[in-house]
Every structure is written in C-alpha cells, then in structure tokens.
Amino acid sequence: MELAETGGDVLGALARMARGAVHGEGECGCGPEEVRVLANREDGAVVRHGGLVAKAHAPGTEDAPHAARLALAAHPDLGGILLPPVPGPRSGRIGDRPVTVWPYGPPVDPGDPDAAPWEEAARLLALLHRTPPPADPALPAMRAPAKAALAVGRMLRTAPDHPAAATVLAAWRTVTDDGGSGPGGGGTRAYLCHGDFHLGQLVRDFRGAWRLIDVDDAGLGDPAWDLARPAAWFAAGLLPADVWARFLGAYEEAGGPATGADPWARLDLPARALTVQTAALALAKSAAEERALDEVEAVMIDTCARITVSRTAPASAASS
C-alpha cells in the first residue's frame, strides 16, 4: 500500500509521525522502499520511514501493561534477545492507539524458506525463557492462551454458520476441557514469554543479528506456548519433520525450559490451541472476504477434525 493512499486515516497519521521521528522539520530524501506501510491490521499498523518504523498498537491498549512490556523490551538483560524501542520522547497516540518508534530491521525473507532462521529463533526463545523476569515494573500474563479464546469468539461472531465452525468448536472443547483457556496457560512456573512467536517476529538488528520483535503479547506464563505455533504446523504436516527437529533440538540445546524428556507432554495442549486459533481466524477472515478457504486454511480445519477424533475416540471406545 502506498502512503499516498492513506489520506487522513491512522496510516496517514502514522506516516507523518514516522517521518518526524527521522527528519524532524527537515527535508526527506528517503527512497520509495524506505517509506512504506509494513503492516495494517486491527491489532497493529506499522509504517517504515528510513531507518525507523512507527507502530500504532491495538485500539484500547491498556496503559500499564503496555508500559511494562515496553520496559521489558528496553531492559538491558534482554538486549541480545528483544529489539529495543528507540529511546527518547518519540512515542505518541493516534486516538486511543499508542504509537511507539523502533529501529527498522530486515525481516525473514518469505520467498526463501530454506534460509529461515529456525535454529536462531529457537535459541532466542530459550534465552528469553531462561532470563529471570525483572521485578519492576510488574509484568502482566502473556496473552497466548487469551488470543486463542479471542479467535474462537471472533469466529462465532462473524462465521457462526460456516460448515466448518462446528469442527473448530469441537477441537476447542478438547483444549478447554484440559484447562487450556486460562491466562496462565497451564499453571506452571511463570517464565518470560513472547506470547505470539512466529518467524514474522524476527528481524536483523544493525549488526546483522536476529532479534525478536513485537512485545504486545509478552509477559509471564508457560513457555510451551511460545513453541506452540511451530509444533502445530508440524502436527498439521505444514512444517517438515527435519525442520521441526532442528528447531526443537536448538531450543533444548540452549537450555530452554519448555520441554522435558517427552516434549509433547508439554506441547500438546498449546499446539492444539494454536491449531484452533489458526482455524478460527481462517473461517472469520474467509467469511469477511467472501471467499473459500485456501489450501493451508483447509489443512488446519482438517487438523481440528483429527484432534477431535484423537481426543474422543478412547472415551467412545470405552463406553461402547
């Protein structure tokens, strides 16, 4: 999307804030690749201008948890793990959306899956999980379990009559029946967690090292939820077994606490929840766009069906 298309809306205001953060009142000599919209979603809009990006966070973002998460990103103990925000008075608001400014970093190239930094991502997650949580300010719970529940709620509001909605709900019940819908994500010791890990949450810093970005869902909780998305992709057949083995092996070699002798004893419930979350969002988005499910979305629906069968078949057999 070109910035000229944004007019006076959130993206236009964000573009002006990004330009001001880089140039102040001076003239701009940045090229078109350096001035563009990087994301435009309800939960986050991001505009790049030169070496900085400005992000408008979700409407209604609560001030105290937001401030705690920003402080976490800037904490010196996390300097080699999380990309820190740009220091100084560069933040602001657009309506009820807080705006923050960050260094621009090149992301993972979606066109080169063989070069995806799975091992580097795993090591960063392990380091994050091993870092003692700072005492001040107090961190909120990480939002991964809540996001799964919100996705199901969105599906029920926007696509309740979709033929696959019942399949997704049946898989969701296997999660809630196992206690996976609460904010703690399982009641284990609280670790520092990213809360929404996927490869899109990685960029290179100015030295070329990979760093995690987007702390909007970060907080304290069960670190198994940070491994849930790749685990769900592996279980669905979307992530090759060798890639999953590399990711999990790198995480465990780096001392990550989310797994033990049997990784799936910890990962099964979060992976089921992320499968349901992905499927629920797929139904909501396809209904809003009045289109059929694409191939990947259909795979996640099929995986929901397999989850339901695998979790209910033993009970059914016992009662017959």
Side-chain angles (χ1 to χ4, degrees), residues 14-15 17-23 30-31 33-39 41 44-57 66-91 98-134 139 142 191-219 223 226-227 229-230 246-247 250-251 253-256:
L14 194 60
M17 295 180 76
R19 185 193 187 287
V22 176
H23 302 294
C30 299
E33 279 302 306
E34 298 177 298
V35 183
R36 58 195 181 96
V37 176
L38 300 181
R41 302 184 305 272
V46 182
V47 169
R48 176 187 178 188
H49 197 112
L52 299 181
V53 298
K55 176 176 182 177
H57 298 262
H66 178 66
R69 289 172 170 129
L70 290 181
L72 179 68
H75 198 285
D77 289 352
L78 282 301
I81 303 169
L82 300 175
L83 189 74
V86 174
R90 296 174 182 262
S91 60
V99 175
T100 51
V101 179
W102 306 78
Y104 170 77
V108 175
D109 182 0
D112 189 7
D114 292 338
W118 287 105
E119 289 93 341
E120 291 87 345
R123 286 189 282 269
L124 287 173
L125 288 175
L127 288 172
L128 176 66
H129 298 160
R130 289 171 46 196
T131 301
L139 284 166
M142 63 95 176
Y191 293 82
L192 280 181
C193 298
H194 182 273
D196 187 29
F197 169 73
H198 52 81
L199 288 183
Q201 306 287 32
L202 289 167
V203 299
R204 291 191 185 274
D205 67 11
F206 68 96
R207 293 168 296 188
W210 290 108
R211 295 289 177 261
L212 291 167
I213 62 170
D214 187 0
V215 292
D216 286 3
D217 301 307
D226 278 349
L227 277 61
R229 185 172 272 104
R246 284 164 39 206
F247 174 79
Y251 179 84
E253 287 173 12

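The basis for the numbers below is simple: all heavy atoms, side chains too, and nothing from hydrogens, waters or symmetry mates.
- For residues 193-218, the set of pairs meeting the salt bridge (Lys or Arg N to Asp or Glu O under 4.0 Å) definition, not counting sequence neighbours, comprises K55-D214, K55-D216, R143-D217, K147-D217, D196-R229, D205-R207, D205-R211.
- Qualifying ring pair (Phe, Tyr, Trp, His ring centres under 6.0 Å) partners for Y251, counting only residues two or more places apart in sequence or in other chains: H129.
- Among all heavy-atom pairs drawn from C193 and M142, the shortest one is CB-CG, 3.7 Å.
- By the 4.5 Å heavy-atom criterion applied to side chains, P134 and L139 are counted as neighbours.
- With sequence neighbours left out, H23 forms a ring pair (Phe, Tyr, Trp, His ring centres under 6.0 Å) with H49.
- With contacts defined as side-chain heavy-atom distances shorter than 4.5 Å, the pair E34/R48 qualifies.
- With sequence neighbours left out, W210 forms a side-chain hydrogen bond (donor to acceptor under 3.5 Å, both in side chains) with no residue at all.
- The CG atom of L212 sits 5.5 Å away from atom CG of L202, with the distance rounded to the nearest 0.5 Å.
- Here the closest heavy-atom approach between residue P223 and residue Y191 is recorded as CD-CD1, 3.4 Å.
- With rounding to the nearest 0.5 Å, the separation of CG in L192 from OG1 in T131 is 6.5 Å.
- Closest approach of V215 to A73, counting heavy atoms only: CG1-CB, 4.1 Å.
- No donor-acceptor pair under 3.5 Å is formed between the side chain of R130 and the backbone N or O of L127.
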Under 3.5 Å, which donor-acceptor pairs link side chains of residues 108-126 to any protein atom two or more places apart or in another chain?
from: D109; atom 1: OD1; to: G111; atom 2: N; distance (Å): 2.9
from: E119; atom 1: OE1; to: R246; atom 2: NH2; distance (Å): 3.3
from: E119; atom 1: OE2; to: R246; atom 2: NE; distance (Å): 2.7

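- For the side chain to side chain donor-acceptor pair (under 3.5 Å) condition, no pair includes a residue of residues 68-86, sequence neighbours left out.
- Y104 is listed as a side-chain neighbour of L38, based on a closest heavy-atom distance under 4.5 Å.
- Scanning both residues, V47 and A15, for their nearest heavy atoms gives CG1-CA, 3.9 Å.
- In this structure, H57 and T100 approach most closely via the heavy-atom pair NE2-OG1, 2.6 Å.
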